*Asks:* 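Got a structure for you, written out below as structure tokens; questions coming shortly.
Lettering follows sequence order; numbering is per chain, from 1. None of these values were measured; they are calculated from a predicted model.
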Protein chains: 2
Amino acid sequence: MTRASSRRPGPPTRTERGIPEATVARLPVYLRALTALSDSGIATASSEDLATAAGVNSAKLRKDLSYLGSYGTRGVGYDVEYLRYQIAREIGVTQDWAVVIVGIGNLGHALANYSGFGTRGFRIVALLDADPNLVGERIGDMEVRDFAELEAIVKADRVSIGVITTPAGPAQEVCDRLVAAGVTSILNFAPVVLSVPDGVDIRKVDLSIELQILAYHEQRKSGEAALPQVPELPAMNGLTDLPSVGGGVGA
Amino acid sequence: MTRASSRRPGPPTRTERGIPEATVARLPVYLRALTALSDSGIATASSEDLATAAGVNSAKLRKDLSYLGSYGTRGVGYDVEYLRYQIAREIGVTQDWAVVIVGIGNLGHALANYSGFGTRGFRIVALLDADPNLVGERIGDMEVRDFAELEAIVKADRVSIGVITTPAGPAQEVCDRLVAAGVTSILNFAPVVLSVPDGVDIRKVDLSIELQILAYHEQRKSGEAALPQVPELPAMNGLTDLPSVGGGVGA
DNA sequence: CCGATTTTGTTCTCACGTTCACAAGCTCCT
DNA sequence: AGGAGCTTGTGAACGTGAGAACAAAATCGG
């Protein structure tokens, strides 16, 4: 989010060609909904239809689409095929992106086999691992190659996206190597916070965090119904037998 | 104009017991950072230290923690163990949550084997699949059971969290069954928008969407440097050879 | 015992995102 | 042809979140 060059106090601002991040995150959802409608043989859909299919509010959907341009027809709706193409073009999935997966454990395996992956816009060009026991193993129609080949592969296949499915330990080093090799977008499944230089985008998928967020809300639900005897914060005021902040010995 | 001082003029308000959603999403990150510090033998950490480890701004971290209570010591910092416990308690991972995984394909396999899963706060109590060929297969120390047993398992083990790793097709039906059985939190890996009744929380993990978001930004990067000849929206005005909105055969 | 130093907790301001509400614009029917 | 009826695109209000800045509180040295 290094897009802070908009000092415009003015109203519209138009953001030149900048689409809000929240909107970008929803475009793929719209794209999927449109594809489903298209497969069902539906040629035209209103913002209400689309919003329902995408699981969002119709006003939000219309505003999101308005950032791309005026691709609808008032009184009618959106042409499914046409809008689908426009969104695909805006996202960039009309071209193919070369992807490498690093770390062929359970998750790497699963991703390598995931079909809906290469079908639309993304092409896995290599599966890499540093473990010599894994190198050479066949997965689908691909073969696991040595992580040392990374630089050559990135250069040869113009790889711009790297997926990290290693354990937490080696993740930062793998990340550094990817960046050094020229990869500028990284999808990280390892449970660590990776640091990357400016100009490199990174996104994180973290199962454990998602579960914990669910647990928080779940605890709320049970708590309201059954266990209202939570300590609550003011109770801390009197507590002196806690791990003795800062000293233990002194004070 | 309209200083928006409608209801509460704005004192503390304390929000009763409500923690902002954005903060809830970061608490697990802080928890992980604290665990790492704890494992390194560090007993006390300042907000600056913690923020660096968690990859956020220190002011944000302090504000986040302030929603939980005053667990720090001015001039000193936070006691790592104590704060870790408080956050864990707030999230709810001091107790164990029973989890079922439905759909034992590649991804389900990977999750079932994922160790960092059951280690902290979550216990996988069943792996379920409707495919008779899979039922009975052993994965780690568990055995795949028939999806028909869902209701009995949820009731017996007080399962509150369900993970859906089926293909898109059966996902909504699986979801409905989970909800009907009493599951109130769902983590969905299937590439569809699931609808659930009020009171049920749902979170989504979608590889394909993450990649598309990366592709969007990647296209931007290349575009700024090399391909500035994108059609751009006003070009559509003259286009009449597009899929003929609304016309065609029948409506 | 007091002042200097450190670091938290909180306030204030600004930017972003969501939702409402409605005018503009298109189609269809009379 | 002209008006009725829809549906889009957008302006404006509202709510949430981020970050800077500072006052309050705790330790430590003299």
Side-chain angles (χ1 to χ4, degrees), chain A residues 1-15 18-26 44-52 55-79 82-83 233 236-237 244-251, chain B residues 1-15 18-26 44-52 55-79 82-83 233 236-237 244-248 251:
Chain A
M1 37 186 79
T2 37
R3 206 157 293 133
S5 56
S6 60
R7 248 309 167 87
R8 282 295 172 82
T13 312
R14 278 298 154 101
T15 334
I19 297 178
E21 197 53 36
T23 296
V24 171
R26 282 187 294 264
T44 304
S46 70
S47 63
E48 201 69 51
D49 299 336
L50 273 175
T52 303
V56 301
N57 178 305
S58 72
K60 181 150 59 178
L61 180 133
R62 284 200 301 277
K63 176 156 284 197
D64 284 342
L65 294 186
S66 77
Y67 290 116
L68 312 190
S70 284
Y71 294 143
T73 307
R74 290 160 131 106
V76 177
Y78 300 89
D79 180 273
Y82 181 60
L83 181 59
L233 30 118
M236 181 206 163
N237 290 338
S244 106
V245 176
V249 188
Chain B
M1 50 187 77
T2 66
R3 257 304 141 103
S5 53
S6 49
R7 47 190 73 162
R8 281 301 169 83
T13 311
R14 280 299 156 102
T15 334
I19 296 178
E21 198 54 35
T23 296
V24 171
R26 282 187 293 266
T44 305
S46 70
S47 63
E48 201 68 51
D49 299 336
L50 272 175
T52 302
V56 301
N57 178 306
S58 70
K60 181 150 59 178
L61 180 134
R62 285 200 300 279
K63 184 179 287 194
D64 284 343
L65 294 186
S66 78
Y67 289 116
L68 311 190
S70 283
Y71 294 145
T73 308
R74 290 166 199 244
V76 176
Y78 299 90
D79 180 274
Y82 181 60
L83 182 59
L233 30 120
M236 181 210 161
N237 291 335
S244 109
V245 176

*Asks:* To the nearest Å, give me how far apart OH (A:Y67) and C1' (D:dG9) are.
*Replies:* 12 Å
*Asks:* Would you please confirm or rule out a distance under 4.0 Å between OP1 or OP2 of D:dG9 and any side-chain N or O of A:Y78?
*Replies:* yes
*Asks:* To the nearest 0.5 Å, tell me how far A:K63 NZ sits from A:L65 CG.
*Replies:* 12.5 Å
*Asks:* Taking atom types as they are modelled, is there a donor-acceptor pair under 3.5 Å from the base of C:dG17 to the side chain of A:K60?
*Replies:* no
*Asks:* Please determine whether any donor N or O and acceptor N or O are separated by less than 3.5 Å between the side chain of A:K63 and the base of C:dT19.
*Replies:* yes
*Asks:* Between atom CG in B:D64 and atom P in D:dA18, what is the gap in whole Å?
*Replies:* 7 Å
*Asks:* Between A:S46 and A:D49, does any side-chain donor sit less than 3.5 Å from a side-chain acceptor?
*Replies:* yes
*Asks:* Please report, rounded to the nearest Å, how far the C1' atom of D:dG9 is from the CG atom of A:N57.
*Replies:* 14 Å
*Asks:* Starting at CG of B:L65 and ending at P of D:dA18, how long is that distance when rounded to a whole Å?
*Replies:* 14 Å
*Asks:* Send over the distance from B:L50 CG to C:dT7 P, rounded to a whole Å.
*Replies:* 13 Å
*Asks:* Under 4.0 Å between a side-chain N or O of A:R62 and OP1 or OP2 of C:dA21?
*Replies:* no
*Asks:* For the pair made of CG in B:L83 and P in C:dT7, what is the distance, rounded to whole Å?
*Replies:* 16 Å
*Asks:* Round to the nearest Å and state the distance from B:L61 atom CG to D:dG19 atom P.
*Replies:* 12 Å
*Asks:* Go nucleotide by nucleotide along DNA chain D from the 5' end; which of A:S66 and A:G75 gets its closest nucleotide reached first?
*Replies:* A:G75
*Asks:* With a cut-off of less than 4.0 Å, is there a side-chain N or O of B:S47 near OP1 or OP2 of C:dT8?
*Replies:* yes
*Asks:* Select base, sugar-phosphate, or nothing to describe what A:E48 touches, counting heavy atoms under 4.0 Å on all strands.
*Replies:* nothing
*Asks:* Could you give the distance from OH (A:Y78) to CG (A:L61), rounded to the nearest 0.5 Å?
*Replies:* 6.0 Å
*Asks:* Could you pull out the closest heavy-atom pair between A:L50 and A:A45, with the gap in Å?
*Replies:* CG-CB, 4.2 Å
*Asks:* Could you tell me the separation between the CD1 atom of A:I19 and the C1' atom of C:dG17, rounded to a whole number of Å?
*Replies:* 15 Å
*Asks:* Side-chain donor or acceptor of A:R74 under 3.5 Å from a matching atom on the base of D:dT8?
*Replies:* yes
*Asks:* If every non-hydrogen atom of A:S47 is compared with every non-hydrogen atom of A:S58, which pair is closest and at what distance?
*Replies:* O-CB, 3.9 Å
